[in-house]
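Written out below as structure tokens is the structure these notes cover.
Just so you know, these numbers use all the heavy atoms, side chains as well, and skip hydrogens, waters and symmetry mates.
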Protein chains: 2
Amino acid sequence: METRRDVFQAIADPTRRDIINMIAHKSLNLNAIADQFDVSRQAISLHIRILVECGLIEIKKQGRERICEARLQKLAEVQRFIQQYEVFWNNKLDALGEFLDRKNTSIS
Amino acid sequence: METRRDVFQAIADPTRRDIINMIAHKSLNLNAIADQFDVSRQAISLHIRILVECGLIEIKKQGRERICEARLQKLAEVQRFIQQYEVFWNNKLDALGEFLDRKNTSIS
DNA sequence: TTTTTGCGCAAGCAAATGCTTGCATGTATA
DNA sequence: TATACATGCAAGCATTTGCTTGCGCAAAAA
């Protein structure tokens, strides 16, 4: 049912973006992450599960700890989506963008 | 209450990403957009409202029609988030990435 | 071995999300 | 003017989301 875990949805939540930020350069265990937030450990655990399910985090068991490591390659999918529209805010192509804009104000 | 309309959340929904795709190069009125989907016109209307609220779409009234134009500059915010992690999947920096990865497997 | 620590599981809940149908209204068109 | 079209508004509803608390269990520490 909830196989809808895609990366776009995963990064939609600000807490999850914070978690990504937190472990991007330094892997942390679950409780160390949860300590940084005001919400309960369990809430963070659920966020992490979502990140795991969509491939943005990998968990390595180490004794009783779960070390969360960032696997951010999946963000490339989002980048691909964004990049195709980069033309619309990129300075060097602003002229083109506005041109297309004006050209299509009226529908066919 | 629902001023939580941020761009990340807006693009989390596949239908809304489709809408963005649809009007990126060609502005369309609301019904023309809704016709492309299986869901009701009203459902699409709500999606468009969300896109308007976060600044990704601008509506120009034209007679009885509402022309939806893409204003994708706001996507730059997402790009900024993504770009800081580009190093983690960029080939030329893979070595560095893996190095940092290994280095931080154990928490401090 | 007893206790503490790290974490998962499960139930419960309020709010948000995505969708629908029905009705209202302004704007073109016949 | 009567009618068809483009759209908004509102109510209702099922599902998902984000969160909480309480319990259980295995691993580490005392």
Length of the CD1-C1' vector between I33(A) and dG6(C), whole Å: 13 Å
Whether over 12 other heavy atoms sit under 6.0 Å from D38(B) CG: no
Under 4.0 angstrom between R5(A) side-chain N/O and dT17(D) OP1 or OP2: yes
Contact under 4.0 Å: R64(A) side-chain N or O vs dC25(D) OP1/OP2: no
Whole-Å distance separating the CD1 atom of I48(B) from the C1' atom of dT17(C): 17 Å
Distance flag, aromatic centroids of H25(A) and Y85(B), threshold under 6.0 Å: no
Salt bridge flag under 4.0 Å for residues D6(A) and R17(B): yes
Residue-phosphate contact under 4.0 Å: N29(A) side-chain N/O, dC7(C) OP1/OP2: yes
Between E86(A) and Q79(B): side-chain donor-acceptor atoms closer than 3.5 Å: yes
Length of the CZ-C1' vector between R17(B) and dG18(C), whole Å: 15 Å
Nearest-Å distance for atom pair NZ/P, residues K61(B) and dG8(D): 8 Å
d(CG, D13(B); P, dT17(C)) in whole Å: 11 Å
Residue-phosphate contact under 4.0 Å: Q9(B) side-chain N/O, dA16(C) OP1/OP2: no
Nucleotide dA4(D), atom P - distance to CD of E65(B) in whole Å: 18 Å
Distance test, side-chain N/O of H47(B) to OP1/OP2 of dC19(C), below 4.0 Å: yes
Audit row: F8(B), F81(B), ring-ring contact (aromatic ring centres under 6.0 Å, His included) steps and yes/no: CA-CA 10 Å; F8(B) 287 91; F81(B) 171 77; 5.6 Å; yes
Electrostatic pair K60(A):E58(A) at N-O distance under 4.0 angstrom: no
Closest approach of R5(B) to C54(B) (non-hydrogen atoms, all atoms of both residues): O-CB, 3.5 Å
Nucleotide dC25(D), atom P - distance to CZ of R66(A) in whole Å: 15 Å
OP1 or OP2 of dC7(C) under 4.0 Å from side-chain N/O of N31(A): yes
Contact list for DNA chain D against residues 36-46 of chain B - heavy-atom distance below 4.0 Å: R41(B), Q42(B), S45(B)
Whole-Å gap separating C1' (dG8(D)) and CD1 (I50(B)): 16 Å
